[in-house]
Amino acid sequence: MERPFKPMDDKVVAEGFRSGELWASLDHVALATNPEPSVRQLSRLHNQGDINLFDFDVSPIRDLPSHRRYGAMRLLTQTLARVDGEAEAILALFDRIGSKLGDAADYDVAHGLRLWCRAHSGQAAGLVDEALEGDARAVRFLAPILMGGDDLERMHTLARSGEVRWTEPALRALAGTEHSDADAVRTVALLKDLAAQASDDNTRALLVKVFFEAVVKRQAETLETQRDTLETLLNAAGPETLHDLIYGLFVLGSPPGPSALDLCLPLLKRLESDRTSTLELLDHVLAVLVSAGQAPEAAEVVFSYASRDPDPVALSVFDSFAHAVFSAPPDVAGRLLPDWLSRGNDAVSAGLSGFIQGQDRSRYPLAASFDPNLSDGDLYFTCRQAIGWFLIEEVVAASIVVAALRQADADLAEALVELLVEALLLNYDGDLITYLNGLTEDDPATRFIQSAREKADAYRAGLSGDWVRELTPSQSRQQLAHNQRVDAMRQTRREGRKRSIFADLVSSQHILFTDRVTTYWVKPDGSFEVMESQLEAFSYSYEQPRQDVLDPVGLSMLHFELCHARPSRP
Amino acid sequence: MKLLLRDYLAAMRERRELDALLPDMLSELGFTVFAWPQVGTSQFGVDVGAVSPANWSGGRRVYLFSIKRGDLTRQSWNNDTPQGLMPSLDEIILGYLPTRLPAEYAGLKVVICPCFGGIVQDSVSTLLAQYTRSRKTRKISFEIWDGSRLADTLLAGPLSEELLPKHLRKDLQKCVAFLDEPDVAYGSFSRLADALAKRAEASESERIRAARQLFLAVSMADVWGREMGNLEGPYRISELALLHLWELIKPLVDRDGPANRSLTRVLQEAINLHLRVARDLIDTRLRPLAGRRDALAAAVRTRDAVDINLALFETVGRISLTALWMHWLSQRPEAAADVDSRSQVEPLCDLALTLIESNAILDLPIADEQNIDVALVLFAALASNAHADRIATWLDRMVHRLDFAIRRRDLFPSTESDYRDLLRRREHRTDEDFQEATNASVLIPLVALWAEAMGHQAVHRRLASLVKAKLGHTTAQLWLTDDRSEASLYLNRDSHGRVIAGLPIGSPDRLLTRIVADACERYPEFRELSAFKTDFWPLILSACRHWRLPLPPHVFIRPMLEAVA
């Protein structure tokens, strides 16, 4: 929502600009949504001579928190675009801003210069000439200058120059320049030529960048029709090229066609494990693939990273992929999880619990199905893995065993029932029983489940009712244990807050009583703004496995065995 | 206090409770007791016989007590069996007086006393009055010793202000009132026992009095604990009382005489009482849960496995110790006729092992100090001589779990014994924490010793391999008594005993067994312990269990080696 602009007095603005206090006092929310009134006011003050935008202290902007700095830079660059002045002076100013604000301001500086050049195309052409004559500042800012000048011909010429100092800014400018159909055809030809000559990964990466941003972005089908071009560009792709490929696919926002996908999939598995930001982009790309019905292909990519040895990538990195898997029709997750479990890769299987919990799916059964080629032994192994790794996602684990029971012969069924009883039914009474109760009479697994339930019921009956007071810990011990649990929960809560992405973004209030809160804000005119909130309770509960209390070592051994042992036959 | 005593007396059982209390009470009042409660022999209706002192109201007279439990009802007055009060009184008049009254008291007048902890119910009071009126003669009279009279007598005797000062009475009252919070009850009893022990130092008669007062206090705790449905306090209190009583009897142990006999009698009653509490606990609470998987563990009703582990090992230790006491009792000359105790040894051992087999948490202690409970189970099984296979399986499972727990650094037996430390056992442990928590062990050499001696080679090898791989820093040790132990063992007064450290685990040629056997020969102080010399050896086990001291290998090394041979 756009926040209404609150005009500031010209005198206050001018004094603030000169003292440097202006930047901190700006309404950054209003600037983010509607900078125009401020831009007009500042440019007017400059043109009146009240302030000099070419000569001011940049330090106060540098010292702002990042979200405020963004607003200040936005105001500054948009204002400068409307201000006339010597190109030299503009270059000097942006150079000064860049050196003061460091790498974090690269985008703002380039964007500001591009805006100015676009508004002053004649002077921009002059700046290109100066760059070609060797002016260091002009060379440094050549890419945004070219972009602002919007001279495609010159970009092509420089890109073909064979000199990296011209090729690179020209390609960057090309990537950021809007293309017509005819431009796109010319640029594709340029890319093919350059790809044949490119000897380093950075140049290849730039070519891919231009391909996606200048050609594919404007017409997604081009990716499929220009598959050969892409293949040429990706020939001998290194990490930078892969990054730009993935970034290109990310920006594309839709899955590539089948032949382009065939080309990309093997490359998508080749990222290095420490390229975390690229992996995050890849995660989004894979999520798009899943949503488009290409889950098996995406899953293979994820599996390749999670099973990598050494340096496996944590499954938690693929959060969007996980979300897409569980948002897809149920059979997608139902096929994927058993398939991964059946491969017995500890690194992957160990991450699956978090994969499920991250999507809040711990309490929901899986519509599990298995590869029809799995042997009985493999099926048994998969179920052991499911129970082992999903010991605290008991409903998910049970649903995999139930699916196996539906196709099991008598011997296998007996072994599976034993597993179900020992590891799950002895431990859980809540959601698990609700799930099993929901199986219908005509479900082929029901008769086996019935037998498992009878065994578990007999066990539970043996536990119920008896309380030997003599064995109960003393009140002082109970109090100690209680205090320790409370401390542990408090610590967990603190850790949770530390890890929350919201904690840094919001201010928090602690309410001691009730669930209804009124907060007063004092407006600039002294009147009150009253905000009323109704608080909602939030809690999370889970059922602790019974054996964790009755026999924790036994449970730990069973867990370990199920996860790591591989019996050949049930 | 009187109300407390009346309720206590009313809740007492006839056998080995009221009849155990009465002779001591009479002795305290100056009576000469000549007939004691007996089991299995006809006493012609007399449970206790005594002669009153000359200064007693009515002078020297023969008092014959027929004891019944609780209130006197129409049913207990005459239920057509010899157990009814009226038949017992008839037997006294018709059988005991003519044939059994000691000749030296034949000239004295006789007072027949129906004795019961409760009251005479209205429905029977007329019958009783008619009966006594009809049987009264110049020589024979009747006195009703009901709960109220007994309470008055206790307050005039062993619990009188001069014999049990106010602050000690308070401890007694607090002990009884807090039996549902056993730690508090135990603390109060412990204070009371210490104070009585101090007073006992004054003279032999004070010693005897203190012993009787101690027994009375334990007896009250027992009855009230039963009423409250919680025997934990009575168990711990009666065990502590045994140890205190032994300290009282120790100075007289080599001397024959009335003081020794009186104290021994109190001790025997206290042992009976302790074993009765133990058996009540076992039979009513534990045995019903045997054989049901995890039932005993679930009966602890806690959210933390530490509580279950501690409680269950303590439980099997107690059962095994009870078995050993029964074994001892069955071999005592005075208990030769008591077939009951002999026949209980094997079922108790079986129960301990059945509980172990049906509660898997008993496959591995959480604290090294639980070695005492493990040792008691092993020793008791040896005494019952029938469970070698089950013991071998248990040791196998224990070492299997120990191996897993140590390698995973989770839930392994730790040298920590503080409850708070045990609760924190699953928190992240650094190498330093792990080394500290496993820097010493009695449990490991104990298991290794039994496995080695009993020829469980696989268990022994696995343990040796674990020690070699992961526990090189652990000082394997066993604890022996020394020349200071006689003074400190029973009441845990000071540091005492000796540790045989650096024991080899996994060496060939039964080196561990040979070293331990040699140490037992080299350091014979164990055989000088008064309880051992006088053949009250289970007291040593009780002391070790009570104060959480390891069982000295002297106790089991010989029977263990003999069993192997």
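It should be emphasised that the depicted structure is a prediction, and the values quoted were computed from it without experimental measurement.
A distance-only check finds a donor-acceptor pair linking the side chain of Glu181(B) to the backbone of Gln475(A) [under 3.5 Å]. With hydrogens and angles disregarded, a donor-acceptor distance shorter than 3.5 Å links the side chain of Arg469(A) to the backbone of Met228(B).
With a 4.5 Å cut-off on side-chain heavy atoms, Ile308(B) and Leu550(A) count as touching. Using a 4.5 Å heavy-atom threshold, the side chains of Asp304(B) and Arg477(A) count as separate. In this structure, Arg408(B) and Phe560(A) have side chains that are in contact, with non-hydrogen atoms separated by less than 4.5 Å.
When the candidates Asp180(B), Ile366(B), Leu289(B) are compared by the number of heavy-atom contacts under 4.5 Å with chain A, Asp180(B) comes out ahead. The candidate with the highest count of non-hydrogen atom pairs below 4.5 Å against chain A, out of Leu231(B), Asp183(B), Asn359(B), is Leu231(B). Note on Ala405(B), Gly233(B), Gly225(B), Gly229(B): by heavy-atom pairs under 4.5 Å with chain A, the leading option is Gly229(B). No other option in Ala488(A), Ser464(A), Ser474(A), Ala461(A) has as many heavy-atom pairs under 4.5 Å with chain B as Ser474(A).
At a 4.5 Å heavy-atom cutoff, the contact between Asp548(A) and chain B is made by backbone and side-chain atoms alike. Proximity to chain A is absent for every atom of Leu362(B), based on heavy atoms less than 4.5 angstrom apart. When heavy atoms are compared at a cutoff of 4.5 Å, Arg303(B) approaches chain A by way of both its backbone and its side chain. Interface residue Arg485(A): only side-chain heavy atoms are found under 4.5 Å from chain B. Residue contact with chain A, scored on non-hydrogen atoms closer than 4.5 Å, involves the backbone and the side chain of Leu423(B) alike.
Within a 6.0 Å radius of CD in Glu414(A), no more than 12 heavy atoms belonging to other residues, nucleotides or ligands are found. Under a cut-off of 6.0 angstrom, the local environment of CZ in Arg301(B) is crowded, with over 12 non-hydrogen atoms contributed by other residues, nucleotides or ligands. The 12-atom threshold is exceeded at CZ of Phe434(B), counting heavy atoms of other residues, nucleotides or ligands nearer than 6.0 Å.
For the residue pair Asp307(B)/Gln478(A), the side-chain donor-acceptor check at 3.5 Å is not satisfied.
Minimum interatomic distance between Thr472(A) and Val300(B) (heavy atoms only, all atoms of both residues): OG1-O, 3.4 Å. Among all heavy-atom pairs drawn from Gly462(A) and Ala295(B), the shortest one is O-CB, 3.4 Å. Summarising the geometry of Ala299(B) relative to Trp467(A), their closest heavy-atom pair is O-CD1, 3.3 Å, with the distance given to 0.1 Å. Counting all heavy atoms, side chain and backbone alike, Arg420(B) lies closest to Gln484(A) at O-NE2, 3.9 Å. Taking each heavy atom of Tyr459(A) and Arg293(B) in turn, the nearest pair found is CE1-O, 3.5 Å.
Summarising the geometry, atom CD belonging to Glu470(A) is positioned 7.0 Å from atom OG1 belonging to Thr284(B); distances are rounded to the nearest 0.5 Å. Rounded to the nearest 0.5 angstrom, Leu480(A) CG and Leu422(B) CG are separated by 11.5 Å. Between the CG atom of Leu312(B) and the CG atom of Leu471(A) there is a distance of 6.5 Å, given to the nearest 0.5 Å.
Classification of Asp551(A) and Arg401(B) as a salt-bridged pair holds, one side-chain N sitting under 4.0 Å from a carboxylate O.
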